[in-house]
Amino acid sequence: MSKRKVLLMGKSGAGKTSMRSIIFANYIARDTSRLGPTIEVLIYVFDVESRECERDYNYFQTCLEALLINSPNAEVFCLVHKMDLIQEEHRERTFEEKCKDIYRLSDELIGNKEKTQSIVQCYKSSIWDETLYKAWSAIVYKLIPNVQMIEKKLSNFTDVVEATEVLLFERATFLVIAHSETTEQNKDVHRFEKVSNIIKQFKLSCSKMGSHFEQVQVKNDQFAAFIEAFTPNTFIMVVMSGPGASSISGSAILMNIRLARKHFEKLEEPVSI
Amino acid sequence: MILRQKVLVEVLGEVNTGDVVAAQLVSREGLLLCFSGAASETTNQAAVSSALLSTIWGQFDKGTGAAFGGSGHLKEVVLECEDGYIAACPLANMLLVLRARSSAKLGLLRAKLHTLRNHLNDPLTIIAEANAEEMAKEKRKKTTADDY
């Protein structure tokens with residue numbers, strides 16, 4: 001995949017650095033001082049507790065205006081952050097009100113309601129729960145150009161291997177890029193975020209010990225999961241469940257993953273027009 | 001080109017009649033690739049026997065190779081153990097192994113082994129070749145999980 005430039009903006013104290021260190025888990029400060037003139041993605045962070053709403057909105061409008069002049073095809077993601085500070089029963093309503101305001105402001109600049117909806121998207125987030133992963137997963141999903149094709153191939157792979165579910169994670173952040181499942185069972189809606197978090201912690205512990213994380217196999221008599229590095233930009237997780245799961249041989253699954261790898265690697269090559 | 005595990009388990013299970021208690025596919029390194037057995041056979045047993053069998057095969061191959069000029073020519077091994085028989089033959093780049101009770105008839109056991117091998121030879125050879133190709137590519141690349 002070609003490298004895409006992302007600009008993460010917000011008022012001081014809004015939570016940008018915390019967010020970045022949690023999602024990217026990379027403690028080396030990125031080189032933010034050089035920004036190219038064309039930005040493809042703007043992620044704007046609104047602090048939901050801010051007392052200076054009008055000033056925040058003004059800043060946002062100025063940014064959006066400047067962005068649209070130089071990068072008319074940019075995508076804008078607005079994160080309404082620190083949602084944990086709002087009481088549970090008021091969260092949905094507060095978020096919707098903020099969304100309405102943001103859309104109204106963007107509409108004033110863009111002038112076309114449909115275009116606004118396609119350029120600007122709002123997500124709520126908090127570093128203390130899984131909404132952060134959900135928001136960033138959605139952002140990563142939108143940034144991948146051929147994600148539908150990846151999902152289609154993944155679905156084929158799932159059917160052939162007869163797995164219960166297969167997930168594709170982005171390599172640096174462990175955010176779920178694509179997933180496909182064969183059975184619609186009662187599943188935990190937040191499982192992606194939980195799994196992302198768990199594997200990332202494990203990967204960090206491995207690197208603290210000076211070793212590289214390559215592969216994980218988890219098995220019990222009802223369930224088997226295999227997580228392995230897949231393509232240069234992804235990890236794959238294959239889940240088999242049901243009474244026959246314990247007799248599934250890990251080596252056969254790993255062999256299948258190996259055989260499927262080159263098909264997915266083709267999708268990641270830069271497309272020449 | 002993907003290996004359908006569940007179908008393979010069913011095909012292997014075809015021979016588990018009469019006195020044959022298990023059929024398994026073992027890689028040359030001793031990894032259990034596929035297993036189908038009677039109710040009394042567990043996957044753990046199969047995994048352990050796979051590792052042992054691949055070593056035994058390797059040893060016999062080397063031994064007979066010294067006598068007959070080069071290893072890699074061993075075609076079949078039949079072991080009579082205290083509680084049963086084990087028969088193994090090469091299949092693509094793996095080993096096909098059948099385990100049977102001591103009341104089994106050797107002729108029938110060998111016949112089952114050969115039939116199953118002939119049936120699975122073509123598809124598994126294709127898979128094995130593709131797999132070997134990919135493994136060679138991986139060795140050349142040698143990327144680690146933290147390469148970003």
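So that the names make sense, note that chain A is the first sequence line, chain B the second, and so on, each numbered from 1. Here the structure is a predicted model, which is why all the values come from computation and not from measurement. The figures that follow rest on heavy atoms only: side chains count, while hydrogens, waters and symmetry mates do not.
Nearest heavy-atom pair across A/Ser251 and B/Leu31 is OG-CB, 3.6 Å. Contact detail for B/Ile127 and A/Leu259: the closest heavy-atom pair is CG2-CD1, 3.9 Å. Shortest non-hydrogen contact noted between A/Ala252 and B/Leu33 is CB-O, 3.5 Å.
By the 4.5 Å heavy-atom criterion applied to side chains, B/Glu134 and A/Lys262 are counted as neighbours. You'll find the side chain of A/Val160 reaches within 4.5 Å of the side chain of B/Arg4, heavy atoms only.
Proximity to chain B (any heavy atom under 4.5 Å) is restricted, for A/Asp159, to the backbone atoms N, CA, C and O.
Summarising the local packing, NE2 of B/His114 is surrounded by more than 12 heavy atoms from other residues, nucleotides or ligands at distances under 6.0 Å. Enclosure of atom CZ in B/Phe60 is not indicated, since only 12 or fewer non-hydrogen atoms of other residues, nucleotides or ligands lie within 6.0 angstrom.
Between A/Arg258 atom CZ and B/Glu133 atom CD the span is 12.5 Å, to the nearest 0.5 Å.
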Assess the residue pair A/Asn256 and B/Gln5 against the criterion (side chain to side chain contact (heavy atoms under 4.5 Å, CB included)); give the C-alpha distance rounded to whole Å, side-chain angles, the decisive distance to 0.1 Å, and a yes or no.
CA-CA 10 Å; A/Asn256 282 336; B/Gln5 177 117 38; 5.6 Å; no

